[in-house]
Protein chains: 2
Amino acid sequence: MESLTIGKIARRAEVGIETIRFYQREGLIDEPPRRESGYRQYPEETVSRLLFIKRAKEIGFTLREIKELLELQIASPSTSTCDEVRKLAEEKIADIRSKTEMLRRMEAALVELVDSCRGRVVANSCPILDVLQEEKPDGAKEIESNPSDK
Amino acid sequence: MESLTIGKIARRAEVGIETIRFYQREGLIDEPPRRESGYRQYPEETVSRLLFIKRAKEIGFTLREIKELLELQIASPSTSTCDEVRKLAEEKIADIRSKTEMLRRMEAALVELVDSCRGRVVANSCPILDVLQEEKPDGAKEIESNPSDK
DNA sequence: CTTGACTCCGTAGTTAGGTACGGCCCTTAA
DNA sequence: TTAAGGGCCGTACCTAACTACGGAGTCAAG
């Protein structure tokens, strides 16, 4: 009763039908049950999955990474993978924090830019690139002792 | 004196030489001055630019978008563009906030996952996809009155 | 019971973003 | 002064992630 054709989930998730077939081949979407005719029958849930993929792509995850993220939930098969799951999840959290930090800096730089524009003062050198100035708050790391970089 | 060859900035920014030439062609890096021999001479600043591009790519910006971001600083030519600059900057801020929000949700979901793993309770259905459940805190928008989506 | 929209599949083509090649010239340290 | 290691250029190639095609079977509204 609550099953959808590929065309319907495509419209709901705002992706192409071919894209869904592609994700299927790549293992991001499970192979759904079929009618006798061969038509795919998707559960509602698949729409969420597609939306998740879309959003995750927007924040720079590759399909490979997104697949890993999605698999983090289905780690039920063997309980021994719990540590692995935790490890991978922690890696992803680190990725996410790094991305968030960059976004925070970029937002600050852009807000500053907008403010200076509002104040009728067009900053001659807007601070987008300053995003990186702060990259190493202390100069402890990267002493650049590499002699090949003459 | 403070000029670098393409190989040196490539090593400093940890990108390939060919990539730099490619960015040059695409207009993300200005054409630098040359020696009589034709060798490119880059200022230190170019390294920051390359690092910025790298980081911006990691958070899902395309090269086209990154170019726009970089151009937001050099809006000095005509003061009349101030409004345009502000408009574009505000759009980018909105993009950034949307990305940040998705990252915040994903991080929360993963932290929850790690916590439940730690507690020796492997959640049977980990909450990665719940990221989307909250997508519309109120159900006001998207009434889905489209009759073609039968 | 037909007709127009939908779906099937395999395969080929496309775009973004690099990456490699190769023949030749330049630089620099021994 | 020479040889190893850059660097120059144009062009060709590559991977990821789609996107399109086409011929044949299916569904459902009228």
Side-chain angles (χ1 to χ4, degrees), chain A residues 1 3-29 31-43 46 49-70 146-150, chain B residues 1 3-43 46-47 49-70 146-150:
Chain A
M1 58 294 325
S3 82
L4 304 163
T5 62
I6 196 169
K8 283 177 193 165
I9 60 162
R11 249 175 280 120
R12 293 203 188 189
E14 295 177 275
V15 298
I17 287 175
E18 308 295 330
T19 303
I20 296 173
R21 296 209 307 123
F22 172 72
Y23 287 164
Q24 209 117 31
R25 261 176 277 137
E26 299 293 306
L28 280 101
I29 299 289
E31 180 73 15
R34 309 279 187 125
R35 298 189 175 194
E36 310 90 42
S37 61
Y39 278 32
R40 293 170 178 84
Q41 297 181 109
Y42 291 97
T46 306
R49 216 172 158 89
L50 289 170
L51 288 172
F52 177 85
I53 294 168
K54 250 178 90 171
R55 306 284 273 122
K57 267 168 21 78
E58 284 168 18
I59 50 180
F61 286 104
T62 62
L63 293 189
R64 167 180 298 278
E65 289 170 324
I66 294 168
K67 198 178 166 202
E68 286 177 352
L69 283 167
L70 287 166
N146 184 353
S148 77
D149 185 22
K150 45 184 170 173
Chain B
M1 55 302 318
S3 85
L4 304 162
T5 62
I6 196 169
K8 284 178 192 166
I9 60 164
R11 249 177 280 119
R12 293 202 187 189
E14 295 178 274
V15 299
I17 288 175
E18 307 296 330
T19 304
I20 296 173
R21 293 210 307 126
F22 173 71
Y23 288 165
Q24 208 118 30
R25 259 177 277 136
E26 298 295 306
L28 280 101
I29 299 288
D30 295 330
E31 179 74 16
R34 310 278 188 126
R35 298 190 175 194
E36 309 90 46
S37 62
Y39 278 32
R40 293 171 179 82
Q41 297 181 106
Y42 292 98
T46 306
V47 177
R49 216 171 159 92
L50 288 170
L51 289 171
F52 178 85
I53 294 169
K54 250 179 91 171
R55 307 284 274 123
K57 266 166 26 77
E58 283 167 18
I59 50 180
F61 287 104
T62 63
L63 294 190
R64 167 180 299 278
E65 289 169 325
I66 293 168
K67 199 179 165 199
E68 286 176 351
L69 283 167
L70 287 166
N146 184 355
S148 76
D149 186 22
K150 43 183 173 180

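Every chain is numbered from 1, with letters handed out A, B, ... down the list of sequences.
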Sorted by position of nearest nucleotide on DNA chain C, 5' first, the leading residue of B:Arg64 and B:Glu36 is B:Arg64
Would you check if B:Leu4 and B:Arg12 make a side-chain contact, meaning some heavy-atom pair closer than 4.5 Å?
-> yes
Spacing of CZ belonging to B:Arg55 relative to CD1 belonging to B:Ile53, to within rounding of 0.5 Å = 13.5 Å
d(CG, B:Leu4; C1', D:dG7) in whole Å | 14 Å
Between B:Ile53 (CD1) and C:dG18 (C1'), how many Å, whole number?
-> 13 Å
Identified side-chain contact (heavy atoms from CB on, under 4.5 Å) counterpart of B:Ile66 within the set B:Lys54, B:Lys57, B:Arg49 = B:Lys57
Rounded interatomic separation in angstrom, taking CD from B:Glu65 and P from C:dT15 | 19 Å
Please report, rounded to the nearest Å, how far the P atom of D:dC27 is from the NZ atom of A:Lys8.
-> 13 Å
Round to the nearest Å and state the distance from B:Lys67 atom NZ to C:dA16 atom P.
-> 13 Å
About how many Å separate CG of B:Leu50 and CD1 of B:Ile29, when rounded to the nearest 0.5 Å?
-> 4.0 Å
OG1 on B:Thr46 to CG on B:Leu51, rounded to 0.5 Å = 11.0 Å
Under 4.0 Å: is that the gap between some side-chain N or O of A:Lys57 and OP1 or OP2 of D:dC18?
-> yes
Spacing of B:Ile66 atom CD1 relative to C:dG17 atom C1', expressed in whole Å = 11 Å
Show me the protein contacts with nucleotides 8-10 of chain C, counting only N or O atoms at under 3.5 Å.
from   : atom 1 : to      : atom 2 : distance (Å)
C:dC8  : OP1    : A:Arg40 : N      : 2.8
C:dC8  : OP1    : A:Arg40 : NH1    : 2.8
C:dC8  : OP2    : A:Arg40 : NH1    : 2.9
C:dC8  : O5'    : A:Arg40 : NH1    : 3.3
C:dC9  : OP1    : A:Arg34 : NH1    : 2.9
C:dC9  : OP1    : A:Arg34 : NH2    : 3.1
C:dC9  : OP2    : A:Arg40 : NH1    : 3.0
C:dC9  : OP2    : A:Arg40 : NH2    : 2.6
C:dG10 : N7     : A:Arg21 : NH2    : 3.4
C:dG10 : O6     : A:Arg21 : NH2    : 3.0

Between D:dC14 (C1') and B:Phe22 (CZ): distance, integer Å | 13 Å
Below 3.5 Å, can you tabulate the donor-acceptor pairs from side chains in residues 16-26 of chain A to any protein atom, sequence neighbours excluded?
from    : atom 1 : to      : atom 2 : distance (Å)
A:Gln24 : OE1    : A:Tyr42 : OH     : 2.7
A:Gln24 : NE2    : A:Asp30 : O      : 2.7

Phosphate oxygens OP1/OP2 of C:dG18: is one of them under 4.0 Å from a side-chain N or O of B:Tyr23?
-> yes
Phosphate-side-chain proximity, B:Thr5 and D:dG7, N/O vs OP1/OP2 below 4.0 Å | yes
Check the distance between C:dT7's P and A:Gln24's CD and give it to me in whole angstrom.
-> 13 Å
Roughly how far apart are B:Arg64 CZ and B:Leu28 CG, rounded to 0.5 Å?
-> 10.5 Å
Answer yes or no: does a side-chain N or O of A:Thr19 lie under 4.0 Å from OP1 or OP2 of D:dA17?
-> no
